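Notes for the one structure printed next.
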2 protein chains.
Amino acid sequence: MNLKELSSILGLSQTTVSRALNGYPEVSEETRDRVQRAADRHNYRPNTRAKGLATGRAMAIGHVIPVSPRIDMVNNPIFGDFIAGAGEAYSKAGYDMVLTVVEDDREADAYRQIKSRGTVDGVVVHGPRTHDSRITLLNDLQIPFVVHGRSSGIDEPYCWVDVNNRRAFSRATDFLLDLGHTRIALINGLEFMDFAIRRRAGYEASLIARGLPVDPELLRSNVMTELYGYRDARALLALDRPPTAFLVASMICAIGVRRAIQDCGIRLGRDVSVVTYDDMLSYLPNGDDVPIFTASRSSVRVAGRLSGELLLERIANPDAPCRGELLEAELMVGQSTGPAPAS
Amino acid sequence: MNLKELSSILGLSQTTVSRALNGYPEVSEETRDRVQRAADRHNYRPNTRAKGLATGRAMAIGHVIPVSPRIDMVNNPIFGDFIAGAGEAYSKAGYDMVLTVVEDDREADAYRQIKSRGTVDGVVVHGPRTHDSRITLLNDLQIPFVVHGRSSGIDEPYCWVDVNNRRAFSRATDFLLDLGHTRIALINGLEFMDFAIRRRAGYEASLIARGLPVDPELLRSNVMTELYGYRDARALLALDRPPTAFLVASMICAIGVRRAIQDCGIRLGRDVSVVTYDDMLSYLPNGDDVPIFTASRSSVRVAGRLSGELLLERIANPDAPCRGELLEAELMVGQSTGPAPAS
DNA sequence: CGGGTATTCCAAAGCGCTTTAGTTCGTTGA
DNA sequence: TCAACGAACTAAAGCGCTTTGGAATACCCG
C-alpha cells in the first residue's frame with residue numbers, strides 16, 4: 001500500500017493525503033479524519049526511503065562501533081544498557097537506530113561514508129579518548145553528534161553526556177580515607193580512555209588533599225574484565241605492603257577482585273575493603289536492598305536516554321550552542337567496606 | 001557530491017557513470033577506470049536512500065529488541081557480543097544494521113512497520129520462546145528472517161542458528177553423574193524461553209537414563225542475573241538434602257552461585273561442584289589457560305556472525321529451502337568441579 | 001454584483017539513484 | 001556496397017514521497 005494507491009482509493013490527490021497525514025493545516029478536519037481512518041484501515045505507512053529522499057532527513061541515528069583486538073566497544077558490557085536507553089528516546093521520536101560495526105582503523109572512513117551516503121541524521125560517539133580525533137572530524141563533516149563521555153584536550157565545542165567521574169572517584173577515595181585506609185589501590189580502566197583519566201585524577205586529588213602520597217605501585221590500568229580484576233588484585237595483594245582498600249572501575253572487575261580476595265583467604269569488607277563503580281546494568285544488579293559492593297553508581301541506561309534526547313534536540317536545532325550534561329554518581333554503602341584493619 | 005554532478009564533471013551521462021561504478025559490462029574498461037578514479041577523488045558515494053528507492057532493497061538488516069519489565073533482551077549480557085558478530089557479517093557485505101527498541105507488546109506492530117516502511121531487507125529474531133508467534137507473523141509478512149535459537153511447537157519451516165542446548169546440558173549432567181553426584185540442581189533461565197526448555201530436557205534425560213529421579217525441589221528457573229543465581233543457590237543449599245552439584249545457565253548466574261557457596265562457608269570444586277554455560281563473552285572470559293568454571297561453551301559472537309551470514313544468504317536467495325545451523329558446545333573442565341563428597 | 005480573501009484541493013517538479021529502451025558509430029560479412 | 005551487428009553510450013521513466021505554485025470554490029464586504 002503506497003500513497004498513490006491510498007489517494008486513488010480516497011479519490012484525493014497525493015498532496016492532500018500526504019498533508020492530511022502529516023498534520024498540515026491546508027486540509028479540512030473532515031478530510032483529515034477520513035484519510036487517517038483509511039490509512040489505518042489499509043495499514044499504510046510511508047516508505048522511509050522515499051520520505052527520506054524527499055525531505056533530506058533520514059530519521060535515523062547512527063552509532064559507530066569500533067571493534068579491534070585493542071579495545072572493543074561492543075564488548076563493553078555497558079553497551080546493551082546504553083543502547084536500550086538511547087533506543088527509548090529514538091523510538092519515542094520515530095527515529096531508527098543504525099549500528100555500524102567497523103574495524104577501528106577505518107572508523108574515520110565510516111563517518112565519511114555516513115556523511116556522503118546520508119544514512120543517518122546524527123551520531124553518538126562512544127568511548128571517547130583524550131584528544132579524541134573523532135570530535136574534530138565530526139565537527140568538520142558537520143554531522144550532528146553527541147559524545148557519551150568527554151574528551152580532555154579538545155577545545156572546540158561539542159555536545160556530551162557524562163558522569164562526573166572525577167568527583168565520583170574523589171568521593172569514594174574520601175570515603176575510604178575516612179574509614180582509616182591509607183593504602184588504597186586503584187584498579188582503573190585503560191588510561192587512554194578519558195573516563196579513566198578523570199577517575200584517576202579524582203583519586204589522586206583526594207589523596208593529595210590529605211597529604212598522602214600517590215604510590216605508583218598501587219595503580220593498575222587494564223581492560224575491565226573479570227580476569228584482569230582478578231589478576232591485578234592478586235598482584236596487589238602479593239605486595240610487601242599490600243593495600244587495605246581497592247577502588248575498582250566496574251562491577252565486572254570488582255567480581256574478579258572479590259575472587260582474588262577469597263583466593264587469598266582473607267575477607268571482603270573486613271580484611272580488605274572494595275569500592276566499585278556501578279553502571280547499574282540490568283543483568284548485574286548490585287544486591288537489592290543492601291548493596292553487595294559499596295559503589296558509586298549511575299545508570300548507564302539513563303545516560304543513553306539523555307544522549308539520545310540531546311542528539312535529537314541538536315538535530316532539530318543545529319544552530320543552538322553546544323550543551324553538556326553532567327550526571328552525578330551516588331555513593332551507596334554496601335557490605336564490601338569497613339574500617340581499615342589495625343596494622 | 002552526487003551522481004549528477006559527478007557525471008557532468010566527467011562529461012558522461014548518469015547512466016554510464018552508474019553502470020561503470022556498479023560493474024555493468026556495457027561500459028569500456030577505459031571509461032570505467034576514469035569514472036572510478038573521479039569517484040574516489042571526489043569522495044563520491046551513492047546516496048543510500050536514493051539507491052534503495054531505485055532498487056527496492058534497503059541494504060540493511062533489522063534487529064527488533066523487545067524491552068519490558070518481564071524480559072529484556074537488550075539487557076541480556078550476550079546481546080553485545082551477538083551484535084558484534086552479526087555486524088561483522090553485515091559490514092563485510094555492505095549492509096547496515098538497524099535496531100528497533102520496542103515495548104514487547106508492540107513487537108508485532110514493529111514487524112508490520114518494518115514491512116510497510118521497507119526499512120530493512122530482513123530481520124533477526126532474538127530470544128525465541130516456545131510456540132513463538134513471531135515466526136508465523138514473519139512468514140506471513142514474507143519478511144526474510146533468521147532466528148537465533150529455535151522454537152519448539154512451530155511446524156512451518158524457518159531459518160535458525162542455535163546451539164545444541166539439549167546435548168550440552170545432557171553432557172554436563174553426565175559429567176557430574178560420572179563424578180558421583182546424584183543430587184544435581186538445575187538453575188535454569190526462564191522456562192518460557194525455548195533454550196531453557198531444551199536445557200532442562202537434556203538434564204532430565206541424563207538423569208532418567210541412569211534411573212535417577214528428577215527432584216522438582218532441585219529445579220529453579222529465573223532471569224539469569226547474578227542476584228538470582230545467588231538467591232537460588234542459597235535456597236538450594238539450605239535444603240535438608242542440599243545438592244552436591246549445580247548446573248547453571250550462564251556465567252553471570254554462576255558468579256552469583258559462587259558467591260552463595262562462599263557465603264555458606266563451603267568450597268567450590270570440593271564441597272560442591274558447578275558446571276555453567278559459557279557464551280564466551282569478551283568481557284567475561286572464563287579464565288585463560290585453566291577455566292575457572294567447568295563449562296559448556298560456545299561463542300555467541302560466532303552465532304551472531306553465522307546468523308548474519310545465513311540471513312544475507314536467504315535474502316539473496318529467498319526461494320531456497322530454509323536452513324538451520326546447529327552448533328555444538330564444548331565441555332571445558334575447570335576448577336569448579338570435583339568428585340561428589342562422601343556423604 | 002464584482003472583487004478581494006480564505007479555504008480546500010490539485011498537478012507537477014524534484015529528491016538521487018537504477019534501468020529500460022533506445023541512439024550512434026565503427027566493424028563485419030555477403 | 002549495404003544491411004546487420006555489436007560496442008559504447010544516452011535520454012528518460014520510475015522508485016514513493018514532499019512541497020511549490022497554482023486552481024477552484026465558497027464567502028464576505030462594500
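Note that this is a predicted model, so its numbers are computed, not measured. Chain letters run A, B, ... following the sequence lines, proteins first, then strands; residues in each count from 1.
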What's the verdict on side chain to side chain donor-acceptor pair (under 3.5 Å) for A/D194 and A/T130, showing C-alpha distance, side-chain angles and the deciding distance? CA-CA 5 Å; A/D194 196 81; A/T130 53; 5.5 Å; no

Does B/T15 form a side chain to side chain donor-acceptor pair (under 3.5 Å) with B/S18? I'd like the steps, not just the answer. CA-CA 5 Å; B/T15 312; B/S18 168; over 6 Å; no

Take A/T31 and A/S28, measure what side chain to side chain donor-acceptor pair (under 3.5 Å) needs, and give me the verdict at the end. CA-CA 5 Å; A/T31 314; A/S28 70; 2.6 Å; yes

Pairwise N/O distances under 3.5 Å, protein to nucleotides 11-13 of chain C:
from	atom 1	to	atom 2	distance (Å)
C/dA11	N7	A/T15	OG1	3.4
C/dA11	N6	A/T15	OG1	2.6
C/dA12	N6	A/T15	OG1	3.4

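Residue A/T31 places no side-chain N or O under 4.0 Å from the OP1 or OP2 atom of C/dT8. Close to C/dC9, at under 4.0 Å from its OP1 or OP2, lies no side-chain N or O of A/Y24.
Computed from coordinates, the A/E29 CD to C/dC9 C1' distance equals 15 Å when rounded to whole Å. With rounding to whole Å, A/L10 atom CG is found 15 Å from C/dC10 atom C1'.
Annotation: side chain of A/R129 is in contact with side chain of A/R134 (closest heavy-atom distance under 4.5 Å).
Under the 3.5 Å distance criterion, with hydrogens and angles disregarded, a donor-acceptor pair is assigned to the side chains of A/S282 and A/D81.
Backbone-only contact: B/S28 has heavy atoms under 4.0 Å from sugar-phosphate atoms and none from a base. Residue B/T55 is classed as a sugar-phosphate contact, given heavy-atom separations below 4.0 Å to backbone atoms only.
Nearest-nucleotide positions on DNA chain D place B/L12 closer to the 5' end than the other of B/L12 and A/P46. Take the nearest nucleotide of DNA chain C for B/A50 and for B/T16: the residue whose nucleotide is more 5' is B/A50.
First and last contacting nucleotides of DNA chain D toward chain B (any atom under 4.0 angstrom from a heavy atom, 5' to 3' order): D/dA8 to D/dG16.
Between A/S7 and A/V17, the shortest heavy-atom contact is CB-CG2, 3.5 Å.
Residue A/D121 holds its CG atom at 7.5 Å from CE of A/M59, rounded to the nearest 0.5 Å. The line from CG of B/L137 to CD1 of B/I143 is 7.0 Å long, rounded to the nearest 0.5 Å.
Within a 6.0 Å sphere centred on CZ of A/R117, heavy atoms belonging to other residues, nucleotides or ligands number more than 12.
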